[in-house]
Enquirer: 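Take a look at this one; I'll ask things after.
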There are 2 protein chains.
Amino acid sequence: MIKVDTSSFIPIYEQIKKEFKKEIFRGDLKPNDLLPSIRDLATELLINPNTVARAYRELEMEGFIYTRKGKGCYVSDDSTRLMKEERKSILIQTFDEVIEEAKKYGLGREEIKRLFEERLNTPPEIIGKGE
Amino acid sequence: MIKVDTSSFIPIYEQIKKEFKKEIFRGDLKPNDLLPSIRDLATELLINPNTVARAYRELEMEGFIYTRKGKGCYVSDDSTRLMKEERKSILIQTFDEVIEEAKKYGLGREEIKRLFEERLNTPPEIIGKGE
DNA sequence: CTTACTGTACTATTAATCTAATACAGTTCA
DNA sequence: TGAACTGTATTAGATTAATAGTACAGTAAG
C-alpha cells in the first residue's frame, strides 16, 4: 500500500515514482504486472489524477513501465535491470548523505556508528515516539 | 562556509536555517555571535536577499537568533539549549528514515549494517564518484 | 549631517506543484 | 451498440518558492 506525505517538500509525483521503484526492486511488482489505474490510485491517495498521471508518465519515460491506452500501465521487462542499476547509487547516496549530515552535527565516526546501530536495533514500535 | 543546493526539492531558506542550526550545535556559532548580513550572504550564495531574510526571520521566530535593526542578527543566549533539544530528534529521525528507506529496498538488518559501515569507512575523496 | 552600512516591508513577476473540470481515444464485455 | 473501464490532453486556478526592485528605518563612523 503506497503512502504519500502531502506536507513533505518532496513533490507527490516524486514520492509515487520512488514507491513503485522500490516495489519493483523488491519483486513485489514483476515485469508485465499491472499497476493500479491512475484514477484508482488518485482516489486511494486522496490526490488529483493528474499527479498520478505525471508519475506514471515519468516512470514510462525512464523505462520502468509501459502503457497500453485503454488497458493500463504495466511493469516493463527490463525494469528489474534498471532498478539494479539505480538501487546501488540510490542507497549509497542516501547513506552518504546521512553520514555527511551527522558529521556536520559534530559527530565522530564512532559516535555515528553507535547511534546508527542503536536505531537499527530499535524495535519499530518505539520509532517516532518523540524521544 | 554555507552551501545551498538550488536543484534540491528542499527550499533554499530551509537549507540556510539547517546550516546555521548545525553551526550553532557544533559551537562554531556561539551566543551573541554576529551572523553574516542578509545582503552579504545573499551575494555569497548567489541568491535573493529576500530568501536569506526569510531564513533569518524564521530562525528568530524559533528563538535561535535575535535581531537588532541597523546592526545585524545575533545568536541568542538559549540557542545552545534549543539545539540540544532539536539535535537529538533531528539525527534520530534522519537515521530512522534512512533505515526505513533501506528496508523498503528489501535490505535486511545485516545488509543495512554492512552497507552503512562500508560507506562510513569510505574516504571522502571517493564519495559521489558515481559508483 | 552625510555616508554606508544594518534589518524590514512591499509590490510585481516567474516557475513549479497541485487541483479541478472536461473532453477524447482505446479496450473490454454484455 | 453501449456502458464502463483504461490512458491522454487541455485549460484554468490556487499556492508556494524565489527573484527583482524599491523604499523605509535604525546604527555607526567620518
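So that the names make sense, note that chain A is the first sequence line, chain B the second, and so on, each numbered from 1. Below, all heavy atoms of this structure are taken into account, side chains as well, without hydrogens, waters or symmetry copies.
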Enquirer: For A:Tyr105 and B:Phe25, take the angle between the two ring planes, folded into 0 to 90°, and tell me which bin it lands in: parallel under 30, tilted 30 to 60, perpendicular over 60.
Expert: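 Ring orientation of A:Tyr105 relative to B:Phe25: perpendicular.
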
Enquirer: Among D:dT10, C:dC18, D:dT19, find the nucleotide with the atom closest to the side chain of B:Thr51.
Expert: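 Taking heavy atoms from C-beta onward, the closest nucleotide is D:dT19.
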
Enquirer: Whole-Å distance between D:dT15 C1' and A:Asn48 CG?
Expert: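 Checked: the CG to C1' distance equals 14 Å.
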
Enquirer: Return no unless some side-chain N or O of A:Thr67 is found under 4.0 Å from OP1 or OP2 of D:dT6.
Expert: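 No, because none of the side-chain N or O atoms of A:Thr67 sits under 4.0 Å from OP1 or OP2 of D:dT6.
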
Enquirer: Let me know the distance between CD1 of B:Ile47 and C1' of D:dT19, rounded to the nearest Å.
Expert: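 Result: 11 Å.
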
Enquirer: What is the distance from CZ of B:Phe9 to C1' of C:dC18, rounded to the nearest Å?
Expert: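 B:Phe9 atom CZ is separated from C:dC18 atom C1' by 14 Å.
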
Enquirer: Rounded to whole angstrom units, what separation is found between the CG atom of A:Leu46 and the C1' atom of C:dA20?
Expert: 15 Å

Enquirer: So, is A:Lys71 near the phosphate of C:dT28, with a side-chain N or O under 4.0 Å from OP1 or OP2?
Expert: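 Yes, within the criterion.
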
Enquirer: Please pick, from C:dT19, C:dT17, C:dG7, the nucleotide with the shortest atom-to-atom distance to any side-chain atom of A:Pro11.
Expert: C:dT17

Enquirer: Do B:Leu115 and A:Phe95 have side chains that approach each other closer than 4.5 Å (heavy atoms only, starting at C-beta)?
Expert: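 The answer is yes; the side chains approach within 4.5 Å.
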
Enquirer: Could you check how far CD1 of A:Ile38 sits from C1' of C:dT22, rounded to whole Å?
Expert: 16 Å

Enquirer: Within the structure shown, what part of the strands sits under 4.0 Å from B:Arg39 by heavy-atom distance: base, sugar-phosphate, or nothing?
Expert: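 It contacts base atoms.
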
Enquirer: Side chain of A:Ile12 only, please: which of C:dC18, D:dT19, D:dG7 is the nearest?
Expert: C:dC18

Enquirer: Which whole-number value in Å describes the distance from B:Ile65 CD1 to C:dT8 C1'?
Expert: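 Checked: the CD1 to C1' distance equals 13 Å.
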
Enquirer: Just checking, any donor-acceptor pair under 3.5 angstrom between side chains of B:Glu19 and B:Gln15?
Expert: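 Judged by distance alone, the side chains do not pair up.
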
Enquirer: Does B:Ser37 or A:Tyr13 map to a spot on DNA chain C nearer the 5' end, using the closest nucleotide for each?
Expert: B:Ser37

Enquirer: Measure from the side-chain heavy atoms of A:Glu60 and tell me the nearest of C:dG7, C:dT19, D:dT8.
Expert: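 The answer is D:dT8.
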
Enquirer: Go through it in stages, so that I can follow the logic: the residues are B:Tyr13 and B:Asn50, the test is side chain to side chain donor-acceptor pair (under 3.5 Å), and I'd like the CA-CA distance, side-chain angles, deciding distance and then a yes or no.
Expert: CA-CA 9 Å; B:Tyr13 70 89; B:Asn50 293 333; over 6 Å; no

Enquirer: State whether A:Arg54 places a side-chain N or O below 4.0 Å from either non-bridging phosphate oxygen (OP1 or OP2) of C:dC18.
Expert: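 Negative; the distance criterion is not met.
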
Enquirer: Aromatic contact between B:Phe9 and A:Phe9, with the criterion being ring centroids under 6.0 Å apart: yes or no?
Expert: no

Enquirer: Distance check needed: C:dG26 C1' versus A:Arg68 CZ, whole Å only.
Expert: 12 Å

Enquirer: Could you give the OH-to-C1' distance, from A:Tyr56 to D:dA9, as a whole number of Å?
Expert: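 Spelled out: OH on A:Tyr56 to C1' on D:dA9 is 18 Å.
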
Enquirer: Hey, which sits more toward the 5' end of DNA chain D by its nearest nucleotide, A:Asn50 or B:Pro49?
Expert: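 Result: A:Asn50.
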
